[in-house]
Each structure stands twice: as C-alpha cells, then as structure tokens.
Visitor: 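Please read through the structure below; I'll follow up with questions.
Labels below follow one simple rule: chain letters A, B, ... track the order of the sequence lines, proteins then strands, and each chain is numbered from 1. Given the structure is predicted, the values throughout are model-derived calculations rather than measurements.
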There are 2 protein chains.
Amino acid sequence: MSGKKAPGVDPARSLALLWGSHTKPGRSGLTVRAIVEAALGIADAEGLDALSMRHVAERLGVGTMSLYTHVPGKGELTDLMIDAAYGELYRDVDEPSSQPDGWRGALEFVAARNWDLYRRHPWMLQIVTPRPVLGPNASLKYEAELRPLDGVGLSDVEMDSVLALVLTHVEGTARVRAGLAQVEQATGMNEAEWWLASAPVLDKVMDASRFPVASRVGTAAGQEHQGASDPAHALAFGLARILDGVADLITRR
Amino acid sequence: MSGKKAPGVDPARSLALLWGSHTKPGRSGLTVRAIVEAALGIADAEGLDALSMRHVAERLGVGTMSLYTHVPGKGELTDLMIDAAYGELYRDVDEPSSQPDGWRGALEFVAARNWDLYRRHPWMLQIVTPRPVLGPNASLKYEAELRPLDGVGLSDVEMDSVLALVLTHVEGTARVRAGLAQVEQATGMNEAEWWLASAPVLDKVMDASRFPVASRVGTAAGQEHQGASDPAHALAFGLARILDGVADLITRR
DNA sequence: AGCGCTTCCGTACGCTGTACGGTACAGGAT
DNA sequence: ATCCTGTACCGTACAGCGTACGGAAGCGCT
C-alpha cells in the first residue's frame, strides 16, 4: 500500500530541469546544455544503442559520474533530448498557421515537419517510456500545431483529438521507416535483397492456397512498393484518408 | 564495401524457426515452444525489462546457454513471441469477415481485437526492431484481416494500405496507453496525481500568455479526459475519422 | 564396444546504469 | 590572508545483460 518510490521520478525536478536555462557552467565547464548536445550528437550519428552515459562523458572529456551532478539519470537526459529536438521544428520556418491552404494544408505541413524530424532523429521513436515531456519546446510545438485548427468549427477537445490523430499517424509510419532503415543498416541487406533471400524459403514453407487473399494482395503491394511496405506511401495515403474524415466532421456542423 | 555481416541475421534460419513445429524435445525436454511460452509468461507478467535469457532459463530449470541450442538469440526469440501472440487473435473467435456490419464493422472488429491484444501483451509495443515477422500466425492474421476488405471496391494495393492505416492507428494509441500504464506502475502515481504534482511547478515556470491556444485547449482536453490524454477516446475518435475517410474513398468510385 | 553428433551448460568478456564515498576547488566569512 | 563550507568532479564497485567459447555428457548407429 505504501507504494515504494521509484528513484528520481520527481515531476518537479524534471520540470525544473526542462525549463531551466542550463547556462551556468561549473568549474570544468560542464553544462546541462553541453551534455544534451553531446548526447544528441551520439544518438543522431550512432543510434540510440550507442548512447551510454560513459560514451557521453567520454565525448565531453569528463568522468562518467560527473554527468550525474547535472542530470539525475539517463531517463531525464532522454527527456531533455526530446525537448531539444522539438526545438528544431518551427524555429526558422513559418509556423503552420501561416500556411496558405487552410487547416488542411496546415495539418499537411505539420505532418511533413514531424516526418522530417523523425528522419533526422530516428532515436526518438525508440525511447521506451514515453512519459509526456511537457518541456518548453514541446509546449511551443503544441501551440504552433494547434493554432491553425482554431476557429475552423471544432470544439477544443476535438482540436486536440485531431492533432493527436495526425501526430500518431506520422509517428507510426515513421517508426516503420526507422525500423526498415535500422534493419537495412544492421544486416547490410536492403528491402529487396531481404525479400529475395526470404522468398524461396517462404514459398517452400507457406502454402499459398491457405492465404488466397493475403498472397494476392501481398504480392500486389510488394510489386507496387518494391518491398513489404512503403512508409512514404503509407504516410500520404493515411493522411489523405484522415484529413478527409476530419473534413467530414467539420462540414457536418 | 564488403558489408560486414551482423551475426545471426539469416532470413532462412529465422523463417524455418518461425514455421517449424518445434515439438521434438531434446534429452532434457527443452523445446522451442517451451522456451517461447516461458518467455511469454515472463513478458506478460513482469514486462519486457524483466525478460532476460537467464530469467527464461531459470524458469525452465535449465542452464542459460542451453537456450541457444534451440534459439539463435534474443532477437529471434522475440520474433517467435510476437508470432505466438498473433496466434491468439482469431483463434477461438469469429473471423472479422463474418462480422455483420460490412467492411466498416469488420475493421472496427479488427481494431478492437488488436487493441485487446496490445492490452494483454504491452511488451509487443516495446520490441525495438520491428523487422517484419512473416510467421504463420502473422500470415493468418493478415489473411483474416484483409478478407472483409475484398470485393468492396478497393484495389489490392488500397486494401493493404487501408488495413495498414487502421493497424498503425491502433498500435500508436495502444503505445500511448501502455506508456501511461508503465509510468503509473513505475512511479505509483496515476495520471491525476502526476498532474497534481506537476501543476504548481508548471504554472510557475510556464507563461500561459505565450501559449494561449495550447493552454485553453490543453485545459479543456485535460478536463474531458481526466488526464493529459485518453487513449481509449483517441482510439475511437481516430478510428471514426479514418473509416469516414475510407468510406469517402470507396464511394468516390 | 566404439564412434560421432547433438544437446546441455559453466565460465568468462565486455558492456550497461548508477550508488557510494572520497577529493579538490570556488566563494564567502572572518 | 586564512579558514570553512558547499558543491563539482570522478574512481571504484556492483548487479545485471547478451552471448562466444570449449568442455562434458548422453543418444543413436555401426
């Protein structure tokens, strides 16, 4: 009943960390900001698997445990990384609300920006515990993405739901793409090669007559996409259907 | 250029493993099937973090390295676990194609079944490398879920895209739910308590006037959902929009 | 009985996050 | 100028991970 406390899950501490300015260096120049930047560099270049506290410290020329003076643990570090990545989204670019094509164009812009974000930082899709980040850049992102939906005839709750729907779709398709890329890099085989290596075994082991629709559709989709799936196509197709559905919702008013 | 081979990424080996019957026991009764069942039990009960080769072996009363006689590595084991989990989907239940309400009802049924699957096995959402599984149960699932879309006026490629869209949506919302549940269990605070602990700090640190739309909409959504997000609502809302969009696509023919 | 092949598994290596306790320096007080 | 104190830094250690390697043990066949 008492509920044993997990270590370092103090929301106040995390929030203060997220919203702090992180600019006061200690006596060796170590800063939260520098730690986050080093971690981002590692994750971007070598993937999330290569992100370890030792590796970050090494890149900064600092003892491993020194990081813990500035950051409570790895979980909080990844939270900071995520918020920092969100910071790139609408920094030097027009906000979605200034897009010319109304709410639909704005949401397409939002989808494209997030899609690009996940391509630059595929590790974001592998962070295990998606505790809500609530950092300054996440808040800015939420505001910027919500604004073009304001005043188009949706309730406040619906605005939130529509945005979440689009973002979930982008994240899901981006995750598929990131997975394909990771497998491709890990195995050295691209999608077509993998299929080629699998096909003979699959034919031998899988009785196509048991899966008539699946084999017909799977073959057609495979031909079309040059592989088992085409994330870019899935993004565009799904977004079109979703926005059509949202249009229905709006015009029904 | 030569492309150093990652160990144990032989598609043929994996496929044979997936499609094999796994019933021939060695001299200590160890079987692929038994290993997968033990692993499933651990992952279901204690989460993916608790799933280690040592732990699985211990549960089977067997040396850790004995597992490697039957399974090439942990990655292949998780592949087998995923296909085994898919096996529960349409086993003792009517297939989606026998749902009464046409393609729309069938897709709602598919969404509900997958939603339940992910509740029973939240670890499926944490498996990092989503290399396509292509096991027997995954194939059966694909066939069963595709069949009610056959003959409703969609092309083969569109059938695949529509199904993928629905499944991606379910997976995304289920991932949010699993994340919330995990945070709740890890911290012992439920959504409301977390919010309560965060609110004063957030108020102090976050200037609401900089985020007018976000704070208005966020508050409304928070009130409505009793928390930062309501995955069940997101599932239903998103599915409704998606299916409306698919209906548009079909009737436009 | 002898041989060979497969199954089982003990040990070890390099890696992880981080708890703990010691050291050394910066800044304020005297 | 000296002392004190708080904090930044970090070396060591621990428990756990996946799995490479090589030895041991039992089975089936000749």
Side-chain angles (χ1 to χ4, degrees), chain A residues 4-10 13 17 20 22-35 38-39 42-43 46-81 123 126-129 186, chain B residues 4-10 13 17 20 22-35 38-39 42-43 46-81 123 126-129 186:
Chain A
K4 43 181 167 183
K5 276 188 191 171
V9 286
D10 179 9
R13 174 102 167 85
L17 206 60
H22 320 314
T23 46
K24 42 186 177 184
R27 66 176 184 267
S28 87
L30 203 50
T31 315
V32 173
R33 185 188 305 278
I35 293 173
I42 292 170
E46 307 173 55
L48 195 64
D49 292 346
L51 181 72
S52 73
M53 300 303 268
R54 281 166 173 80
H55 199 153
V56 172
E58 193 177 326
R59 171 176 280 228
L60 291 168
V62 137
T64 304
M65 293 312 291
S66 304
L67 304 179
Y68 287 86
T69 304
H70 303 268
V71 165
K74 200 188 184 188
E76 287 79 3
L77 175 55
T78 55
D79 283 353
L80 289 166
M81 291 168 65
W123 51 265
Q126 298 188 24
I127 304 275
V128 279
T129 312
Chain B
K4 44 181 166 183
K5 274 188 192 169
V9 288
D10 179 9
R13 175 103 166 83
L17 206 60
H22 319 316
T23 47
K24 42 185 177 185
R27 68 175 183 267
S28 85
L30 205 51
T31 317
V32 174
R33 186 187 305 277
I35 294 172
I42 292 170
E46 308 173 54
L48 195 64
D49 291 347
L51 181 73
S52 73
M53 300 302 269
R54 284 177 233 270
H55 200 154
V56 172
E58 192 176 325
R59 171 176 281 229
L60 291 168
V62 138
T64 305
M65 292 313 291
S66 305
L67 303 179
Y68 287 85
T69 305
H70 304 268
V71 164
K74 199 190 185 185
E76 287 79 5
L77 175 56
T78 55
D79 283 353
L80 289 167
M81 293 169 64
W123 50 265
Q126 297 188 26
I127 303 275
V128 280
T129 315

Visitor: Just to confirm, is there a sub-4.0 Å distance from OP1 or OP2 of C/dT6 to any side-chain nitrogen or oxygen of B/H70?
Guide: no
Visitor: Donor-acceptor pairs are to be reported for all side-chain atoms of residues 54-74 of chain A against protein atoms at under 3.5 Å, with residues two or more places apart or in another chain.
Guide:
| residue | atom | partner | partner atom | Å |
| --- | --- | --- | --- | --- |
| A/H55 | ND1 | A/A50 | O | 3.0 |
| A/S66 | OG | A/G63 | O | 3.4 |
| A/T69 | OG1 | A/S66 | O | 3.3 |
| A/K74 | NZ | A/L51 | O | 2.9 |

Visitor: Rounded at 0.5 Å granularity, tell me how far CD in B/Q126 sits from OG1 in B/T78.
Guide: 12.5 Å
Visitor: Distance check, rounded to the nearest 0.5 Å: A/E76 atom CD versus A/I35 atom CD1?
Guide: 12.5 Å
Visitor: For C/dC9, does either OP1 or OP2 sit under 4.0 Å from a side-chain N or O belonging to B/T64?
Guide: no
Visitor: Check nucleotides 4-7 of chain D against the protein and report each pair of N or O atoms closer than 3.5 Å, with its distance, or say if there are none.
Guide:
none

Visitor: Any idea which of C/dC8, D/dC10, D/dT19 is nearest the A/V62 side chain?
Guide: D/dC10
Visitor: Can you measure from CG (B/L17) to CG (B/L80) and round to the nearest 0.5 angstrom?
Guide: 4.5 Å
Visitor: Go through residues 47-57 of chain A and report each residue with a non-hydrogen atom lying under 4.0 Å from DNA chain D, sorted by number.
Guide: A/R54
Visitor: Could you check how far CG of B/L60 sits from C1' of C/dT7, rounded to whole Å?
Guide: 15 Å
Visitor: Could you state the atom-to-atom distance from CG of B/L67 to C1' of D/dC21 in whole Å?
Guide: 17 Å
Visitor: DNA chain C: B/M65 or A/Y68, which has the more 5' nearest nucleotide?
Guide: B/M65
Visitor: Between B/S66 and C/dT7, is there a contact of a side-chain N or O with OP1 or OP2 at under 4.0 Å?
Guide: no
Visitor: Whole Å only: how far is the CD atom of A/E58 from the P atom of D/dC10?
Guide: 14 Å
Visitor: Roughly, in whole Å, what's the span from NZ in A/K74 to C1' in C/dA19?
Guide: 17 Å
